[in-house]
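As the structure lists them, so they are numbered: ligands from 1, and atoms in each ligand from 1.
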Amino acid sequence: MEDKDRPIGVFDSGVGGISVLRELYKIMPNEDYIYFGDSINAPYGTKPVEEIRRLTIANVKALLGQGAKGIVVACNTATAAAVRRLREMYPKLPLVGIEPALKPAALQPGHPRVLVMATPMTIQGDKYKNLMARYEDKADIIGLPCPGLMEFVESGNTDGDDLKAFLFELLSPYLRDIDAIVLGCTHYPFVRTVITQIAGERVRIYDGGNGTAREMRRRLAQAGLCTLRTRPGNVVFKNSMETEEEIELSRTLFQKK
Ligand code: DGL
């Protein structure tokens, strides 16, 4: 098979990265994809950084072993913990990570108040601190660690009453004068509707999935690795949980409106 026609490997600590896969598929519908969710080891966001790095490197190796021509680290936590190491290991590989979409939120006019929802690990990491330092004169930025939130999505719950109560309690102390919310974990776009219901339509919500997908398209084009096929691409879902339910949940999230 020509290098151009090999699949793009995408992975996350679980099913969250499917929010990024959807953006990839929207702009590169003729590419094939292998999506790996490491649900058995989820959550990553409350683990020590060395462990996240080890798991992340293993995921990349496995996807390359399955013939991936490039890798999307569709997890903010894994990106924060391991992307620098991965770039050292694979300098020529088209490899793109994701980070909270703070830039467009902070550059909203009028010195906005921005709430960044992410895992504890992402908020504590140097990568996030550097990102914040770049925009702190443009906006008031509050980092909100959300342990426990990704678990709802992992269990397929994206609009239950218990999820609504959880999010209401988490967000209500900040809602009075927030202008924007950044979804800094790839699981959170799946609960965006509930977040909007709680925060109100006035609050703009940002996520980095589309920007990450565009960056991957750019990197593949640079490397001459975009497929020339015109048929719709195949998406293969794999999960360390290895159950049919998990794959079914993955497909459902991929197709969710
Ligand atoms: N989806 C992951 C992220 O973007 C993290 C969820 C977790 O494993 O804690 O950060």
Side-chain angles (χ1 to χ4, degrees), residues 9-24 35-60 63 71-84 86 95-102 105 115-132 143-158 163 166-167 170 181-192 195 205-213 215-216 237-241 246 249-250 253-254 256:
V10 184
F11 75 92
D12 175 44
S13 60
V15 292
I18 295 169
S19 66
V20 182
L21 177 66
R22 298 197 314 180
E23 299 297 327
L24 286 159
Y35 181 87
F36 176 70
D38 193 11
S39 294
I40 206 134
N41 291 306
Y44 280 12
T46 48
K47 286 188 166 54
V49 65
E50 295 74 28
E51 193 176 347
I52 303 167
R53 197 172 293 141
R54 184 179 56 75
L55 292 166
T56 301
I57 291 171
N59 296 339
V60 171
L63 285 168
I71 299 284
V72 178
V73 183
C75 175
N76 293 261
T77 309
T79 300
V83 83
R84 196 185 305 155
L86 288 169
L95 181 133
V96 172
I98 185 165
E99 63 178 13
L102 186 54
L115 189 68
V116 181
M117 299 172 68
T119 68
M121 161 58 211
T122 299
I123 301 272
Q124 281 156 24
D126 288 343
K127 215 170 183 309
Y128 174 73
K129 288 194 187 119
N130 294 338
L131 181 67
M132 212 174 111
L144 177 64
C146 307
L149 180 51
M150 69 85 82
E151 285 83 344
F152 285 96
V153 180
E154 282 294 301
S155 68
N157 180 351
T158 54
L163 167 69
F166 179 94
L167 275 170
L170 188 71
I181 294 178
V182 175
L183 305 178
C185 166
T186 55
H187 283 74
Y188 305 167
F190 290 116
V191 299
R192 184 183 179 131
I195 293 174
I205 299 188
Y206 295 85
D207 91 78
N210 179 264
T212 301
E215 178 62 14
M216 188 57 178
F237 288 103
K238 300 194 175 189
N239 195 291
S240 53
M241 206 80 111
E246 207 56 38
L249 172 62
S250 304
L253 290 173
F254 185 61
K256 195 174 185 312

For residues 48-55, please give each side-chain donor-acceptor pair under 3.5 Å, one per line with the distance, not counting sequence neighbours.
unit_1	atom_1	unit_2	atom_2	d
R53	NE	A81	O	2.8
R53	NH2	A81	O	3.3

Correct closest heavy-atom pair for V15 and V153 would be CG2-O, 4.0 Å

Member of T122, I123, L183 meeting the side-chain contact (heavy atoms from CB on, under 4.5 Å) criterion with N76
T122

Select all protein residues for which some heavy-atom-to-ligand 1 distance is less than 4.0 Å, and list them by chain and number.
D12, S13, P43, Y44, G45, C75, N76, T77, T119, M150, C185, T186, H187

For E23, enumerate each residue passing the salt bridge (charged side-chain N to carboxylate O under 4.0 Å, His left out) test, keeping only those at least two apart in sequence or located in another chain.
K26

For E99, give me all partners under salt bridge (charged side-chain N to carboxylate O under 4.0 Å, His left out), at least two apart in sequence or on another chain.
K127

Matching residue for F254 among Y35, F237, F190 - test: ring pair (Phe, Tyr, Trp, His ring centres under 6.0 Å):
F237

